[in-house]
Amino acid sequence: MTFWQSLIDAARLLLTGYPELWRVIGLTMQVTGSALAISAVVGIPVGAAIALSRFPGRHLLVTVLYTGMGLPPVVVGLAVYLFLSRRGPLGGLDWLFTPPAMIVAQAIIAFPLVAGLTIAGLEGVDPDLRLQLRSLGASQAQVVRALLVEARGGVLAALLAGFGGIISEVGAAMLVGGNIAGQTRVLSTAIVLETRQGEFALAVAMGGVLLGLAFGVNALLLGLERRPNWRTGR
Amino acid sequence: MKGAAYDLLGVTRVYDGRRVLSVRELAVQEGEILAVVGPNGSGKSTLLRLLNFLEPCSAGEITYFGRRIEYPPPLDLRREVTMVFQRPILINGTVRDNLAYPLRLRSLQNRDRVEGLLAQFGLERLASASARKLSVGEYQRVALARALAAFPRVLLLDEPTANLDPYSVALIEGIVQSVRAAGRTTQVLVTHNVFQAKRLADRVVMLLEGDVIEAGNTRHFFDDPRDPRTAAFVRGEMVY
Ligand SMILES: Nc1ncnc2c1ncn2[C@@H]1O[C@H](COP(=O)(O)OP(=O)(O)O)[C@@H](O)[C@H]1O
Ligand SMILES: [Mg+2]
């Protein structure tokens, strides 16, 4: 099969709505969306807390987080696998080879990216602004919120980096999900499988969808940031 | 008869073992404009931060409208005082966003107030402009308007007209005077400009190396200073 032939077949597959493909896309969005949401809910506050306070060991913690930004996903997958395997400490959950296991692994992969880049973003905000916000009458929580809004470009970059780090990730998804058709098969693991089986058209179609999804999410979030009256809502 | 907005007694502020402010006694009367003058590093901005309850005194006590203040004070009380910092920072948004911000913090309705301030400060044309794109004078006017937005009981001004064009200086001085005339807001004005202190203030205090070396009503301060260093300052001989 030629390269061009597989492109054409891929387009046909997408247009005719091959049901298995749509199921894979749906699961990918579900798993990656949940993982990103969890890493945001935990990572942004943790990043803010680290960026805005001073305590012994802070520098070490930041270094650990920054190192975590380059954590090999397959290593995270391995660790999660060991925790969730039948004899592991969390084996009782029976999560191995289910979407929750994949969500846990991906959330862990995205967390240092989200927290670390949130810290970097907040450190770009003028340190004197904090005192001025307090002088204008901001409570502690209002100060943190306003600083995150000031650093919104960085926070957005944090979310996009987290998203990019997990949507296309194969190693952990494969290890803890198992690539079970209709259950834990996501775009990245499906691409590997279909390519191995010589189903190039399907693999290319999925690759195209993966790129499209990544582009769409980036465009959406960046567009949101550029909206002129972004901050008028409370 | 109005009372004191602030009474400071034995107030000191120490940074890294160095005492940068030491006020044996100082009162700010309700509704007045108190000018604080003195060379760079004499503790003027530090005094304003203490009056704004942004940091604790190292020793001594501050009484605010008859109430002894423990640091940190309750939020409601801190919200009565706002400051225009020596180097103000606007939030990254439009001019309108900046003026609405203190009102939003207090969950106050802001439409009419913000429009009123825009008009009063000659900023209507810039209402939707990004705060990042303002000239120095416009920037400073927005900072003052923002500090006034939530009707503070006390307004602290840290060199609000330093390095400004004459138009903005006149506008800001006019606003300070109209706030004084309305009589509901006490103002403490840090300035380098002897003539500005003379034009605006009811009373003047002079700080030197953290000590109050002279305090008195404006006429007295300028016509008949007790301390020779104040006399030098008044004659414009003080070197900064
Ligand atoms: N946060 C701080 N930490 C350490 N030193 C400070 C701090 N703020 C001010 N100072 C020092 O306190 C002294 C008084 O400063 P400041 O109140 O800003 O004076 P002024 O406003 O009269 O120029 C200066 O020597 C300054 O370096
Ligand atoms: Mg100063």
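Keep in mind that the numbers below use all heavy atoms, side chains included, and drop hydrogens, waters and symmetry copies. Proteins come first, then strands; the chains are lettered A, B, ... in the order of their sequence lines, and each starts at number 1.
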Exercise for the section: Answer yes or no: does atom OH of A:Tyr81 have more than 12 heavy-atom neighbours from other residues, nucleotides or ligands under 6.0 Å? Expected result: no
Exercise for the section: Enumerate the residue pairs fulfilling ring pair (Phe, Tyr, Trp, His ring centres under 6.0 Å) with a member in residues 31-77 of chain A, sequence neighbours excluded, ordered by first and then second residue. Expected result: none
Completion exercise
Output for pair (A:Leu129 CG, B:Asn92 CG), nearest 0.5 Å, gives 10.0 Å
Problem - Atom CD of B:Glu209 with >12 non-hydrogen neighbours under 6.0 angstrom - result: no
Practice task
Check A:Arg134 against B:Arg78 and note the closest heavy-atom contact, atom names and distance.
Solution key: O-NH1, 2.6 Å
Handout entry: B:Arg19 atom CZ: more than 12 heavy-atom contacts under 6.0 Å
Key = no
Exercise for the section: Would you indicate whether the side-chain heavy atoms of B:Ile91 and A:Leu133 approach each other to under 4.5 Å? Expected result: yes
Exercise for the section: Verify the neighbour count for atom CZ of A:Arg54: are there more than 12 heavy atoms of other residues, nucleotides or ligands below 6.0 Å? Expected result: yes
Completion exercise
Heaviest contributor of heavy-atom pairs below 4.5 Å to chain A, chosen from B:Ala100, B:Pro88, B:Ala150, B:Ala147, is B:Pro88
Handout entry: Atom pair CD1/CG of B:Ile89 and A:Leu131 - distance to nearest 0.5 Å
Key = 9.5 Å
Exercise for the section: Compare every heavy atom of B:Arg87 with every heavy atom of A:Gln132, then report the nearest pair and how far apart it is. Expected result: NE2-O, 3.0 Å
Practice task
Below 4.5 Å from any heavy atom of chain A, which atoms of B:Leu75 appear? Answer side chain, backbone, both or neither.
Solution key: side chain
Exercise for the section: Go through the atoms of B:Pro152 and report whether side chain, backbone, both or neither lie under 4.5 Å from a heavy atom of chain A. Expected result: neither
Handout entry: Within 6.0 Å of CZ in A:Arg58, more than 12 heavy atoms from elsewhere
Key = yes
Problem - Heavy-atom proximity to chain A below 4.5 Å, by part of B:Arg49 - result: side chain
Problem - B:Tyr101 vs A:Leu136 side-chain heavy atoms within contact, under 4.5 Å - result: yes
Handout entry: Heavy-atom closest contact (A:Ser135 atom, B:Met83 atom, distance)
Key = OG-N, 3.1 Å
